[in-house]
There are 2 protein chains.
Amino acid sequence: MNYTEAKEKFISTWGALGTLWGINKAMAQIHALLWISPEPLSMEDIMEELHISRGNTSMNLRQLMDWGIVFKESKPGERKEYFASEKDVQELARQVAKERSRREIKPVIKVLREVSGIEGDGTKKTEELIKQTKALYELADNADTMMNKIVNQESNWITKTLMKLIK
Amino acid sequence: MNYTEAKEKFISTWGALGTLWGINKAMAQIHALLWISPEPLSMEDIMEELHISRGNTSMNLRQLMDWGIVFKESKPGERKEYFASEKDVQELARQVAKERSRREIKPVIKVLREVSGIEGDGTKKTEELIKQTKALYELADNADTMMNKIVNQESNWITKTLMKLIK
DNA sequence: TTAAACTTTCAGTAATTTTTGAAACTTTAA
DNA sequence: TTAAAGTTTCAAAAATTACTGAAAGTTTAA
């Protein structure tokens, strides 16, 4: 496998994984491209490399910036803007975990708390609803707490500590 | 919030979360419905409750069974088949983690190993590709190993051990 | 066997999500 | 200022994904 084949395989695999996890393909592929690029890239560069339109590129770059894993860079003396990826894998993981927690997990936890907190009326179906949503609430809340602890440690705490524990 | 409101809120929230994580809404909602149902439900019950077609119900029940989190039950003396959810939250988490690892993470790890294993040619871009995909490979491989260890422990190892460690 | 009860499959349709491309907007250098 | 260089927005089109419903398939009881 040569450079070009490897690059294409990586970009398309990353795009496919994204899709499976609810992230759109273009967004994941732009990230993949920037992740392996030694230099920041312009919008033109990205459009050309991935064969996607200007609008698509712009919208997805904005999302990647909202996620905090891609940054705008301006080269001195140039009008054009360049885009660069966060390059540290631990920081990438932390950022993704943090954002998914904030946007997706926390709101669900809130609903689970509300739902599992309704008053029992003695019927079997109500008892089951309370019991089962409470269990889910506790799981989600523990997992989220854990994730946030991990995410707020220095970068490779997770690898160092957990691997020792588990191996 | 009364029983019906709580049930509907739970089902729709669970469906929305599924969507965000690449699981289709009907599948997530069927799971939610069975999760809180004190008794196994028939296909008719599910169709009626969620207002979805027979075909849709059948296909998504099959998928839930493939994931190992819903089971077919036949009541003695009845022709109809009934469906019941795995009820233990720890077992649910283990099963989901196990399947996502097998279907989605493992194949990506394989690609990352291949891609990061190409021979360097001294160019900057090739070095960067190798370095960055290797970092991702190591992260994914560690995370996956960890997940599988957790998943293969007795059910609440994760809660017991990790929470102690982290709190 | 057969026919009733029930489930699965799948081609066509519907709904949703993504992408495009051109117009509107913004910034900067002269 | 102004116009060139660049970016963003968004309505419409394309692509993808999910859903329906009816036909085909399966199972069971008589």
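Chain naming here is simple, since letters A, B, ... match the order of the sequence lines and numbering starts at 1 in each. Fair warning: this is a prediction, and the values are worked out from it, not measured in the lab.
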T19(B) side chain to N24(B) side chain, donor-acceptor N/O pair below 3.5 angstrom: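 No, no side-chain donor-acceptor pair sits under 3.5 Å.
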
Between S37(B) and K125(A): side-chain donor-acceptor atoms closer than 3.5 Å: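 No donor-acceptor contact under 3.5 Å links the two side chains.
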
Considering all heavy atoms, the nearest E5(B)-M1(B) contact: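 Reported closest heavy-atom pair: OE1-CA, 3.1 Å.
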
Closest heavy-atom pair and its distance - W67(B), V96(B):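 The answer is CZ3-O, 3.8 Å.
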
For a quick test of your reading: what N or O donor-acceptor pairs under 3.5 Å do the side chains of residues 79-86 of chain B make, sequence neighbours left out?
{"residue": "Y82(B)", "atom": "OH", "partner": "E78(B)", "partner atom": "OE1", "Å": "3.3"}
{"residue": "Y82(B)", "atom": "OH", "partner": "E78(B)", "partner atom": "OE2", "Å": "3.4"}
{"residue": "E86(B)", "atom": "OE2", "partner": "D88(B)", "partner atom": "N", "Å": "3.0"}

Note: E91(B)-K98(B) ion pair, threshold 4.0 Å (strictly below):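 Salt bridge: no.
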
Salt bridge E127(B)-K131(B), side-chain N to carboxylate O under 4.0 Å: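 Salt bridge between E127(B) and K131(B), a charged N being under 4.0 Å from a carboxylate O: no.
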
From CA spacing to verdict: salt bridge (Lys or Arg N to Asp or Glu O under 4.0 Å), R94(A), E99(A): CA-CA 9 Å; R94(A) 289 173 56 189; E99(A) 288 294 309; over 6 Å; no

CA sep, side-chain torsions, deciding dist, call: E114(B), K110(B), salt bridge (Lys or Arg N to Asp or Glu O under 4.0 Å): CA-CA 6 Å; E114(B) 287 164 17; K110(B) 182 163 165 281; 3.5 Å; yes

Protein-to-nucleotide contact annotation, 5' to 3' order, nucleotides 24-30 of chain C [B base; S sugar-phosphate only; - none; under 4.0 Å, heavy atom]: ---BB--

Qualifying residues under salt bridge (Lys or Arg N to Asp or Glu O under 4.0 Å), relative to D45(B), sequence neighbours excluded: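 With sequence neighbours excluded, D45(B) shows a salt bridge (Lys or Arg N to Asp or Glu O under 4.0 Å) to no residue whatsoever.
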
Close residues, [range], relative to DNA chain D [heavy-atom separation under 4.0 Å]:
range                      : answer
residues 41-64 of chain A  : M43(A), R54(A), G55(A), S58(A), M59(A), R62(A)
residues 99-108 of chain B : none
residues 13-32 of chain B  : N24(B), A26(B)

Candidate pair K7(B) and E49(B), rule salt bridge (Lys or Arg N to Asp or Glu O under 4.0 Å), full reasoning: CA-CA 11 Å; K7(B) 179 179 72 179; E49(B) 188 82 48; 2.7 Å; yes

Separation of atom CZ in F83(A) from atom P in dG6(D), rounded to whole Å: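 For the pair F83(A) CZ and dG6(D) P, the rounded distance is 12 Å.
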
Side-chain N,O (K80(B)) to OP1/OP2 (dT28(D)) below 4.0 Å: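 No, outside the criterion.
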
Separation of W35(A) CH2 from L92(A) CG (nearest 0.5 Å):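 Reported value, rounded in 0.5 Å steps: 5.0 Å.
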
Side chain to side chain donor-acceptor pair (under 3.5 Å) between W21(A) and E104(B), intermediate numbers included: CA-CA 9 Å; W21(A) 286 75; E104(B) 298 160 9; 3.1 Å; yes

